[in-house]
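Residue numbers begin at 1 in each chain, while the letters A, B, ... track the order of the sequences.
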Amino acid sequence: MKIITAVRGFKDILPGETGKWQYVEEKAREIFKNFGLSEIKVPILEKTELFRRGIGETTDIVEKEMYTFQDIGDEYLTLRPEATASVIRAYLQHNIHAADPVAKLFTIGPMFRRERPQKGRFRQFHQINVELIGLDDPRIDAELILMLICFLKSVRLSDLGLEINSLGCPGCRPSFREAILIFLQDKKNDLCKDCLRRLDTNPLRVLDCKMEGCGEIISDAPKLLDYICSECRDHFEKVKEYLRIFDVPFEINAKMVRGLDYYTRTAFEVTTELLGAQNAIAGGGRYDRLIEELGGPDIPGIGFAIGLERLISLLPMKDEEFAIPPHLFIAALGDEAQKFAYTLCNRLRMQGIRTEMDYSGKSLKSQMRRSNKFNSRYTLILGKREIEEKKAELRDMKEGTQETLSLDNIEETISNIVKRM
RNA sequence: GUGGGUGUAGCUCAGUUGGUAAGAGUGCCGGGUUGUGGCCCCGGAAGCCGGGGGUUCAAGUCCCCUCACUCACCCCA
């Protein structure tokens, strides 16, 4: 019978790999705590309407990448393609803003997008998401980016680039949209078919089209930064100023638009050369209109998402560095010794000592090999002789030395030795 | 959705112009000391050569189809 495999684009994270995941998540929790954030956990399934309104009807994500199905009854549900909409939904649903409009939140979990899988891109992937809600001060933008860079450094990533841009606000963006449309009017024949469509739906997206022909055209297109209003310009200048205070290096990428409609003003990406075509390991921006769009009060927000698979593939550490070896391996020979070993093994575990044993009754040599494979610091050798004489041999696997212990108070003896390690 | 590449042992891969080549390394199991790991030596188990069809006296090798994986476009984390 044929075995059943995982769904295309959905990956198992195997036991040898989970050490890295735990490490990264712990680092994030530690650093985010220092910046005053709290963790929130939200469902992975939401009403489809949430994403249609939040992300935007004409985005690629909503148009063709969502896992959507009709629930029993007539409601349409969607496996979340991103987390921001859900976090805002929870923020509004529980009236968190009523007690305090300022909320600094993060969440960690899987997202789902039905794209063709490739390097660094999966249909189920994981993100760390941060949302700072309730403040539009440029210091918050800089602080958020600073925290992101600080976190990435803490997990020893290097050779990263930070790109920032300002997307303007609903007040100034229409004039730029107008300018783009005028600029592109007589160049329609040279645009790719996707960009032709974008002229109607979302002309700003033409700016970051990667097709060769479009690239040439847009190289001397109007720059968004030349059209933003004085408030947006002032905001952007201050973000840059604060980033310089913290010595966070950045580059301005006037063509970065980003694929989610809700972004306003500050937008940014952290990129690397090492990931192939999928070069963004984190991205985010300000979304001052989103909360109102989702039916809430006029409250600003800013956030980012980190792609965990991408981040973890860049970690300089090896999987083995996260392996946790046992303190003690018990090699027991014969029924009596096995019985003694079994109770001792579990009693030690209950005292917090990582203990392993062999249940197969194999030769001592084989059990020693197993102990060595686990990289156990000590091996306790228990044979017929030892049981009769009420003693045991404790071998230090690192030093290659051995001592005889009495079986009286053996738990306490071993416990003391391990605690001295 | 559209292209390119790759499918041989658990893993990484050799397999010549089609002709007893089903192979290596690693991992796993056992032995080399009646009860002592690592290094070394010896032995063993393990593969419908992705699946289906075709050409041929003969197919892992050539052709067609299909599936899976992978990279790229697009898009994004």
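- A:R370 comes within 4.0 angstrom of no nucleic acid atom, judged by non-hydrogen atoms across all strands.
- Ion pairing between A:K339 and A:E336 fails under the 4.0 Å rule for side-chain N and carboxylate O.
- Sparse packing is recorded around CG of A:D335, with 12 or fewer heavy atoms of other residues, nucleotides or ligands lying under 6.0 Å away.
- Ion pairing between A:D137 and A:R139 holds under the 4.0 Å rule for side-chain N and carboxylate O.
- Nucleotides B:G15 and B:U20 place their C1' atoms 14 Å apart, quoted to the nearest Å.
- Across all strands shown, A:K384 has heavy atoms under 4.0 Å from base atoms, whether or not it also approaches the sugar-phosphate.
- Looking at heavy-atom distances under 4.0 Å, A:I281 makes contact with sugar-phosphate atoms alone, never a base.
- Using a 4.0 Å cut-off between charged nitrogen and carboxylate oxygen, A:R121 and A:E115 count as a salt-bridge pair.
- In this structure, B:G10 forms a base pair with B:U26, meeting either the Watson-Crick or the G-U wobble geometry with both donor-acceptor distances under 3.5 Å.
- Comparing B:G50 with B:C13, their P atoms are spaced 15 Å from each other, to the whole Å.
- A salt bridge links A:K41 to A:E39: at least one charged side-chain nitrogen sits closer than 4.0 Å to a carboxylate oxygen.
- For B:U70, the OP1/OP2 oxygens have a side-chain nitrogen or oxygen of A:K11 closer than 4.0 Å.
- Taking 3.5 Å as the limit, the base of B:G1 and the side chain of A:E115 contain no donor-acceptor pair of atoms between them.
- Residue A:N375 is classed as having no contact, given no heavy-atom separation below 4.0 Å to the nucleic acid.
- Residues A:F122 and A:F10 place their aromatic rings such that the two centres sit no closer than 6.0 Å.
- The gap from the P atom of B:C29 to that of B:U70 amounts to 30 Å, rounded to the nearest Å.
- Side-chain nitrogen and oxygen atoms of A:K373 include at least one within less than 4.0 Å of the OP1 or OP2 phosphate oxygen of B:C28.
- A:E393 contributes no side-chain N or O that forms a donor-acceptor pair with the base of B:U36 under 3.5 Å.
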- Quick one: what's the B/S/- string for nucleotides 7-13 of chain B, heavy-atom cutoff under 4.0 Å, read 5' to 3'? -------

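- Look at A:K391 and A:E389 and you find a salt bridge, because one of the NZ, NE, NH1 or NH2 atoms lies within 4.0 Å of a carboxylate O, short of that distance.
- B:G3 and B:A46 have their P atoms separated by 43 Å, given to the nearest Å.
- In this structure, A:R347 places its CZ atom where only 12 or fewer heavy-atom neighbours from other residues, nucleotides or ligands lie under 6.0 Å away.
- If you look at A:Y23 and A:F322, their ring centroids are closer than 6.0 Å.
- For the contact set between residues 116-125 of chain A and RNA chain B, defined by any heavy atom under 4.0 Å, the members are A:R116, A:Q118, A:K119, A:G120, A:R121, A:F122, A:F125.
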- Could you run through nucleotides 39-52 of chain B and give me one letter per nucleotide, 5' to 3': B if any protein heavy atom sits under 4.0 Å from the base, S if only the sugar-phosphate is that close, - if neither? --------------

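- In the interface, the side chain of A:K365 is paired with the base of B:G32 through a donor and an acceptor atom under 3.5 Å apart.
- Distance noted for atom C1' between B:A68 and B:C49: 16 Å (whole Å).
- Under the 6.0 Å cut-off for aromatic ring centres, A:Y263 and A:Y287 do not qualify, their centroids lying 6.0 Å or more apart.
- Across all strands shown, A:S363 has heavy atoms under 4.0 Å from sugar-phosphate atoms exclusively, and none from any base.
- Pairing partner, B:C40: B:G32, with both Watson-Crick or wobble hydrogen-bond distances short of 3.5 Å.
- Among the nucleotides B:G30, B:A77, B:G35, the one closest to the side chain of A:A305 is B:A77.
- Within 4.0 Å of A:Q402, counting heavy atoms only, lies at least one base atom of the nucleic acid.
- Comparing the P positions of B:U34 and B:G7 gives an interatomic distance of 48 Å, to the nearest angstrom.
- Counting non-hydrogen atoms of other residues, nucleotides and ligands closer than 6.0 Å to CZ of A:R173 gives a total above 12.
- Residue contacts for A:T59: at a heavy-atom cut-off of 4.0 Å it reaches no nucleic acid atom on any strand shown.
- Nucleotide B:C57 is matched to B:G19 when pairs are restricted to Watson-Crick or G-U wobble geometry with both distances under 3.5 angstrom.
- Counting any heavy atom pair closer than 4.0 Å across all strands shown, A:E63 reaches no nucleic acid atom.
- Look at A:E46 and A:R80 and you find no salt bridge, because none of the NZ, NE, NH1 or NH2 atoms lies under 4.0 Å from a carboxylate O.
- Between B:C62 and B:G27, the two C1' atoms lie 35 Å apart (nearest whole Å).
- The nucleotide B:U2 finds its pairing partner in B:A72, both defining distances of the Watson-Crick or G-U wobble pair being shorter than 3.5 Å.
- Using atom P as the reference point in both B:C67 and B:A77, the two lie 31 Å apart (nearest Å).
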